[in-house]
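Atoms within a ligand are numbered from 1 in the order they appear, just like the ligands themselves.
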Amino acid sequence: MITVAIDGGAATGKGTLAQRLAKAYDLAYLDTGALYRAVAYDVMNAGYEADNEEMAIKSALALPADKIGQIQSNPAIRDEKYGTGASKVSQIPAVRQALLDFQRRFAESPCHTDGTPAKGAVLDGRDIGTVICPNADLKVFLTASAEIRAKRRYKELQLRKIYAIYEDVLSDVIARDKRDSERKTAAMRPADDAFVLDTSDLTPDEVFTAVAERLEQKMCGK
Ligand code: DC
């Protein structure tokens, strides 16, 4: 069983990298941010503030493990307001505990979206290498300057025809990183044995090649 942990801040390219690795090596993929986003979506659409503990815990405990594919591919949760909401619900320790169990079960018995078992998993998030899968075969932590990340996110929003102001996107990226890295439970940080890669001046292909090289070394040693 191969487990790959990809962590990093918002818009560092984690999702793109994790999905490419999963496809190239036939591994199951879990976007763990989508779980927090789905909780925020539920809570906010029920008319509550994202940090409403009771509602967030209820929603996290009810997330259906057999609907991971649907949760991850729901375009509605990609809205920036659910990214910010997710960062808020992720501060609640009982929400993290409920989602920790969910994520560990996935890493231990990974399945592709069609339900077929996989030989391993790629998980991306903030605390995969430090908390969820501390024994992962490969741990990667992506970084990039806040300005570069905001530019990437801004471009992505423009492509999706979503109106945004660059300065707002930049302040959101900075605020989200601050909240995610300063929270009391499972704060975002690289694991001591993580391969830390600054993607500011790299193309997605260059990031993939650098990480795939390391993954193949690990797989050869297994
Ligand atoms: O990766 P993302 O932007 O979709 O994540 C949204 C928020 O969810 C992020 O700001 C913090 C939270 N999150 C977390 O706390 N732990 C994870 N493993 C993944 C996401």
Side-chain angles (χ1 to χ4, degrees), residues 3-19 21-22 29-44 49-51 53 56-57 59-60 63 68 71-107 121-134 136 139-144 146 148-150 152-154 156-157 160 162 164 169-191 194 199:
T3 308
V4 183
I6 313 281
D7 289 304
T12 46
K14 313 183 290 297
T16 306
L17 170 66
Q19 285 177 68
L21 288 172
Y29 168 57
L30 183 62
D31 165 6
T32 68
L35 307 179
Y36 290 93
R37 284 173 181 264
V39 171
Y41 179 87
D42 268 1
V43 174
M44 291 161 78
E49 293 293 325
D51 54 6
E53 290 209 17
I57 294 166
S59 162
L63 269 196
I68 288 175
I71 295 172
Q72 292 186 155
S73 61
N74 177 6
I77 63 169
R78 300 294 154 193
D79 193 294
E80 288 300 278
K81 68 177 179 235
Y82 300 121
T84 303
S87 177
K88 291 181 181 164
V89 302
S90 74
Q91 314 282 305
I92 304 168
V95 168
R96 300 207 71 86
Q97 183 60 47
L99 297 184
L100 179 138
D101 295 340
F102 188 108
Q103 294 166 80
R104 287 226 177 118
R105 277 197 298 274
F106 181 87
V122 184
L123 290 88
D124 81 55
R126 304 288 188 290
D127 61 343
I128 310 301
T130 49
V131 176
I132 308 295
C133 302
K139 298 178 188 176
V140 179
F141 191 91
L142 299 183
T143 65
I148 296 247
R149 290 186 290 135
R152 288 178 187 161
R153 186 51 55 92
Y154 180 65
E156 191 187 309
L157 292 170
R160 286 164 50 205
I162 297 172
V169 178
L170 176 61
S171 55
D172 179 57
V173 162
I174 294 170
R176 196 123 77 85
D177 275 2
K178 185 168 157 56
R179 207 183 296 117
D180 293 345
S181 57
E182 291 180 357
R183 69 175 171 232
K184 292 198 184 80
T185 317
M188 172 176 74
R189 66 169 181 84
T199 69

Response to the item:
Closest to atom 18 (N) of ligand 1 by heavy-atom distance, out of Thr84, Val89, Asp127, is Asp127
Response to the item:
Candidates Gly9, Gly8, Gly33, Ala86; heavy atom nearest atom 7 (C) of ligand 1 found on Ala86
Which residue holds the protein heavy atom closest to [atom], what is that atom called, and what is the gap in Å?
atom                    : value
atom 16 (N) of ligand 1 : Arg96 NH2, 3.1 Å
atom 17 (C) of ligand 1 : Arg126 N, 3.4 Å
atom 19 (C) of ligand 1 : Thr32 OG1, 3.4 Å
atom 4 (O) of ligand 1  : Arg37 NE, 2.6 Å

Worksheet item: Does a side-chain N-to-carboxylate-O contact under 4.0 Å join Arg153 and Glu80?
Response: yes
Ignoring hydrogens and angles, state whether a donor on the side chain of [X] or [Y] is under 3.5 Å from an acceptor on the partner side chain.
X      : Y      : result
Arg189 : Ser181 : no
Arg96  : Thr185 : no
Tyr29  : Asp124 : yes

Worksheet item: Under a heavy-atom criterion of less than 4.0 Å, does Met188 contact ligand 1?
Response: no
Item to complete: Would you check whether Arg183 reaches within less than 4.0 Å of ligand 1, judged by its heavy atoms?
Response: yes
Practice prompt. Mark up the atoms of ligand 1 that fall under 4.0 Å of a heavy atom belonging to Arg176, in ascending order.
Written response: 3 (O), 5 (O), 6 (C), 7 (C), 9 (C), 10 (O)
Worksheet item: Which of the atoms in ligand 1, numbered in the order shown and given with their element, are less than 4.0 Å from a heavy-atom of Ser90?
Response: 11 (C), 12 (C), 15 (O)
Fill in: Criterion side-chain hydrogen bond (donor to acceptor under 3.5 Å, both in side chains) against Arg149, the qualifying member of Thr199, Asp177, Thr12
Asp177
Discussion item. Is there a polar contact between ligand 1 and Tyr36, counting only N or O atoms under 3.5 Å apart?
Written reply: no
Practice prompt. Give yes if a backbone or side-chain nitrogen or oxygen of Arg78 is under 3.5 Å from a nitrogen or oxygen of ligand 1, and no if not.
Written response: no
